[in-house]
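For the numbers below, each heavy atom of this structure counts, side chains included, while hydrogens, waters and symmetry mates do not.
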Amino acid sequence: MHKPIKYVEKAVTYGAKSTWFLFERMNRIRPNPSPTPKWSDKPLLKSYEKSKPPLGWPRSTDSLCPKCVPEIRQKILDGELPYEVLMNQKVGEVKATIIEQKGQIWMLKECPIHGRFEDLMSIDTNFSRHLEQVFPGRDIRAHNDEKLHHHGSSTVKYGRGSVLTIDLTNRCNMMCDPCFMDANQVGFVHELTWQEIKQLLDNAITIKPRRQMSVQFSGGEPTLSPYFLDAVRYAREVGYNSVQAATNGIEFAKSFEFAQQAADAGLRYAYLQFDGIGNAANAHRKVGNLFDVKLKAIDNLHRAGVEIVPVVTIVNGINNEQVGRIIQFALDNPKKIGFLSFQPVSFTGRDEAITDERRMAQRYTLSHLAHDVKQQTGLGEPARDWFPISFMSTFSDWADLMHSKEANNNWGQLSCGCHPNCGTGMAVMIDKETKEAVPVTAFLHGDQLAKDIAKINDAARGKFLSGLGMMLVLAKNYDPFKTPRHFRLWDLWKKFDKNYNVTGRNYGKVGPDRTLEDVMKRRTDRWNFLFIAGMWFQDLYNYDFRRTEQCIIPYATQEGEISFCAYNTGVGWRNIVEKMHMTATLTKWYEEHGRHEIFAGGKNVGMESREHSLYLRDDIITREEQHDLDRLGIAKNAREEKIRARDAKLKASTEARGPEKNDAAYNARMAALYREVILKEKPVQSENGFIPLAALTPRPGNDSLQSTREIAEPVAGD
């Protein structure tokens, strides 16, 4: 039975609907022109002025050939082609068609050299149609950006982005599969100097629209950089409210003091690699106690005042069964986890040469995620409660309008203006005391709310009328009988005030002068707005340049700011930029700096204690690895594929050459040739270049050949 207050709130919603009817019609009369705030040279866009890429099915787009691109990239790396061809020519580009067939969405494309390619985009047409229908449109076109956005077909063209990513180093203390950057295996170190870090951060604030962004320090493992804490501190000084680290959590788990130092420097969020509940669910990362590390890292970071975002790389057949367990873990710990980021695997880096068989078996899409959440937790309806991440830009537009005339308004709102195929999410309201959870759009009609807010934005009234309009539309689209039991309309208004700073009330500061007291004050809110997000980065098999040009996660590099997908996948700017600005060969680096410790091969991370304050129910802990791919006879990762290819090639070679060629020197040369040609491992490097294969031939008395991997990489435990 509902409490009496719920009936009072229902009456308020009826009153809000009547008032809105009059308010909206008066608001149509002589709408004001959109203001031009200080942080942009162009006016704010009205809803009907926003452009959109081609949507729906069938549609045509520009894509890449998965075979041409690696070949062209290698020619650039080998010096046979100048890297400028990526700016001046459409290298590797092919046309693609996105079609609907049997309730699914597929991308089809054909290269005149390498033939036909097809890949799955969605298993649910209705889900994908909903995401595209509620897409509000692109952000203001980027301007004053010519020095940083100049990457040919891969150029970012719209908005300012939401997360500026800076790789501090390509060194890492793990050896993961999958790894989109192929950390520790490229034969050299690329690590930013302090001056380079400052320059990248300084450059970032020159682009307009000058929106508030998150700055995420990444890698490799960013905590291995000697400038990690200085970089966090400087980003706050420049003016970024949200400074993040994309981390595996090892250093934070090992030391609470380090977590405190990061928090004191200004770290606000830790984007924590998190693949499942239990050590077995993380076993594919090859660290014996990795889940224990995650729990300790969360505990240390939260105590220090840093918020935690578990980031889950989802691979079908590897850990897709963990979706519900991870969400349940977050629901059980609402005071410590307020955001979940699921990232369907992108077959790039170590997985770029994936076989078609494994790709189709491991492919996981945003539609898979929405359905797995529903099936494994019972939360949400895929075509009702999931929205594109860009859906939030309507609310950002309203906040920009609210604050446009303030004297100290030098930054626009964070705006997630990405393509609707890039990311999606569902918001869940959780009572921190009772742990009751309800999807927000079960009691707040999201589609209509966005349409109503767009009308407020288009009228472009002053702060008072725009704020009043927001109060009305929140009330008119609110259903008090479907909320968590103790939730009130007042709590909803308060949430929006807290997020968008409408009234100026102090809920705890988030700016550069934020303190630990501010953090604790914001945490006193009884209601946790848990956002379950899915961000699907592209690979060469599903690449779409319409997504790239409105990327919200640009990489800041010595060669400008490059779309996340163009940098890590696409034409592969990462490989080129890091090689151009290589710090040192591994041999040279180890001579000068020594080897850092790497946790691999099942090695445990040493921690002072395993104790933590999180609630972990026994029934969600995974005791055994997922075996779907084993039953299908499909390799789990690139290493397994290479081993199978090696075994098959060596078997065929042995049968072909006969017993007379089974001498040690021949075997050693064949093994070295296999590693270089088949496994694509780098030959051993000297200071002046590559040591030829002939130099690796065993000398008398030494039958074995040390592998390139053993010579060129840190040894686990060193």
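- The closest donor-acceptor contact from the side chain of Gln322 to the backbone of Ile277 lies under 3.5 Å.
- Ile205 is listed as a side-chain neighbour of Tyr240, based on a closest heavy-atom distance under 4.5 Å.
- Going from atom CG of Leu340 over to atom CD1 of Ile308 covers 11.5 Å, rounded to the nearest 0.5 Å.
- Nearest heavy atoms, Arg325 versus Thr622: CD-OG1, 3.6 Å.
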CA sep, side-chain torsions, deciding dist, call: Gln538, Ser346, side-chain contact (heavy atoms from CB on, under 4.5 Å): CA-CA 6 Å; Gln538 303 180 88; Ser346 169; 5.8 Å; no
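- Of the possible donor and acceptor atoms, one in the side chain of Asn604 sits under 3.5 Å from a partner among the backbone N and O of Asn289.
- Looking at His612 and Ile298, their side chains never come closer than 4.5 Å, going by heavy atoms from C-beta outward.
- A salt bridge between Lys198 and Glu237 is absent, with no side-chain N of the basic residue lying under 4.0 Å from a carboxylate O of the acidic one.
- Of the N and O atoms on the side chains of Tyr234 and Asp202, at least one donor lies less than 3.5 Å from an acceptor on the other residue.
- Using a 3.5 Å distance cut-off with no hydrogens or angles, the side chains of Thr169 and Glu221 do not pair a donor with an acceptor.
- Residues Val156 and Glu561 are not in side-chain contact: their nearest non-hydrogen atoms beyond the backbone lie 4.5 Å or more apart.
- Defined by atom type and a distance below 3.5 Å, a donor-acceptor pair is present between the side-chain atoms of Asp497 and Tyr507.
- The main-chain N or O of Phe188 is found under 3.5 Å from a side-chain atom of Asn170 such that the two form a donor-acceptor pair.
- Atom SG of Cys172 and atom NE2 of His596 lie 7.0 Å apart (nearest 0.5 Å).
- Here the shortest heavy-atom pairing between Ala235 and Val243 reads CB-CG2, 3.9 Å.
- Side-chain atoms of Thr515 and Glu517 form a donor-acceptor pair, as typed in the model, at a separation below 3.5 Å.
- Asp299 and Ser613 are linked by a side-chain donor-acceptor pair at a separation below 3.5 angstrom, with hydrogens and angles left out of the test.
- The environment of CD in Glu611 is sparse: at most 12 heavy-atom neighbours from other residues, nucleotides or ligands sit within 6.0 Å.
- For Glu608, the CD atom is loosely surrounded, since the number of other residues' heavy atoms within 6.0 Å does not exceed 12.
- Side-chain contact of Asn320 with His368: a donor-acceptor pair under 3.5 Å is absent, judged by distance alone.
- A salt bridge is defined here as a Lys NZ or Arg NE, NH1 or NH2 lying under 4.0 Å from an Asp or Glu carboxylate O, and Arg526 with Glu433 fails to meet this definition.
- Using a 4.5 Å cut-off on side-chain heavy atoms (C-beta onward), Leu192 and Leu200 make contact.
- If you take CD1 on Ile576 and CD on Glu578, they are separated by 11.0 Å, rounding to the nearest 0.5 Å.
- Between the side chains of Glu559 and His581, at least one donor N or O sits under 3.5 Å from an acceptor N or O.
- In terms of heavy-atom proximity, Trp194 sits nearest to Asp230 at CH2-O, 3.4 Å.
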Criterion side-chain contact (heavy atoms from CB on, under 4.5 Å) on Ile552 and Val163, from CA distance to verdict: CA-CA 6 Å; Ile552 62 169; Val163 182; over 6 Å; no
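- A pairwise comparison of heavy atoms in Ala304 and Ala263 identifies O-CB, 3.3 Å as the closest pair.
- A donor-acceptor contact closer than 3.5 angstrom is absent between the side chains of Asn203 and Thr206.
- A donor-acceptor pair is defined here as one N or O able to donate and one able to accept, closer than 3.5 Å; such a pair exists between the side chain of Lys432 and the backbone of Asp525.
- Atom NE2 of His403 and atom CG of Asn410 lie 13.5 Å apart (nearest 0.5 Å).
- Heavy atoms only, all atoms of each residue included: Thr165 and Ser218 are closest at CG2-CB, 3.9 Å.
- From Gln244, atom CD reaches atom CD1 of Ile166 across 11.5 Å, with rounding to the nearest 0.5 Å.
- Ring-plane geometry between Phe496 and Phe395 is classed as tilted, the angle between the planes lying from 30 to 60 degrees on a 0 to 90 degree scale.
- Under the salt bridge (charged side-chain N to carboxylate O under 4.0 Å, His left out) criterion, Glu624 pairs with no residue at all, not counting sequence neighbours.
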Test log, rule side-chain contact (heavy atoms from CB on, under 4.5 Å), inputs Lys294 and Asn248: CA-CA 8 Å; Lys294 305 304 179 185; Asn248 57 35; 4.0 Å; yes
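- Taking 4.5 Å as the limit, some side-chain heavy atom of Met429 sits within range of a side-chain heavy atom of Phe529.
- Residue pairs meeting the ring pair (Phe, Tyr, Trp, His ring centres under 6.0 Å) criterion with at least one member in residues 330-350, sequence neighbours excluded: Phe339-Phe531.
- For the 3.5 Å distance criterion, the side chains of Gln362 and Lys636 fail to qualify, holding no donor opposite an acceptor.
- Relative orientation of the Phe564 and Tyr555 rings is tilted, given thresholds of 30° and 60° on the angle between their planes.
- Although no hydrogens or angles enter the test, the distance criterion places a donor-acceptor pair under 3.5 Å between the side chain of Asn319 and the main chain of Thr313.
- Here the side chains of Ser214 and Gln216 are not in contact, with every heavy-atom distance at 4.5 Å or above.
- Lys208 has its side chain out of reach of Trp39: every pair of non-hydrogen atoms, C-beta onward, lies at least 4.5 Å apart.
- Judged by distance alone, with hydrogens and angles left aside, the side-chain atoms of Arg547 form no donor-acceptor pair with the main-chain N or O of Phe537 at under 3.5 Å.
- Under the 3.5 Å distance criterion, with hydrogens and angles disregarded, no donor-acceptor pair is assigned to the side chains of Ser415 and Gln413.
- In this structure, Arg236 contributes its side chain and Asn241 its backbone to a donor-acceptor pair below 3.5 Å.
- No donor-acceptor pair closer than 3.5 Å links the side chain of Arg595 to the backbone N or O of Tyr590.
- Contact annotation: the side chain of Leu164 approaches that of Pro554 to within less than 4.5 Å [non-hydrogen atoms, C-beta and beyond].
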Evaluation steps, side-chain contact (heavy atoms from CB on, under 4.5 Å), between His593 and Arg171: CA-CA 12 Å; His593 302 278; Arg171 294 185 297 129; over 6 Å; no
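- Although no hydrogens or angles enter the test, the distance criterion places no donor-acceptor pair under 3.5 Å between the side chain of Asp145 and the main chain of Leu148.
- Remark: the backbone N or O of Gly338 is not paired with any side-chain donor or acceptor of Glu307 at under 3.5 angstrom.
- The OG1 atom of Thr193 sits 11.0 Å away from atom CG of Leu168, with the distance rounded to the nearest 0.5 Å.
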Which pairs of donor and acceptor atoms, one on a side chain in residues 326-335, lie under 3.5 Å apart (sequence neighbours left out)?
unit_1	atom_1	unit_2	atom_2	d
Gln328	NE2	Asp332	OD1	3.0
Asp332	OD1	Arg617	NH2	2.9
Asp332	OD2	Arg617	NE	2.8
Asn333	OD1	Tyr615	N	2.7
Asn333	ND2	Phe329	O	2.9
Asn333	ND2	Tyr615	O	2.9

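- Salt bridge Asp491/Lys494: absent, no basic N to carboxylate O contact under 4.0 Å.
- Annotation for Ala280 and Arg623: closest pair CB-C, 3.6 Å, computed over non-hydrogen atoms.
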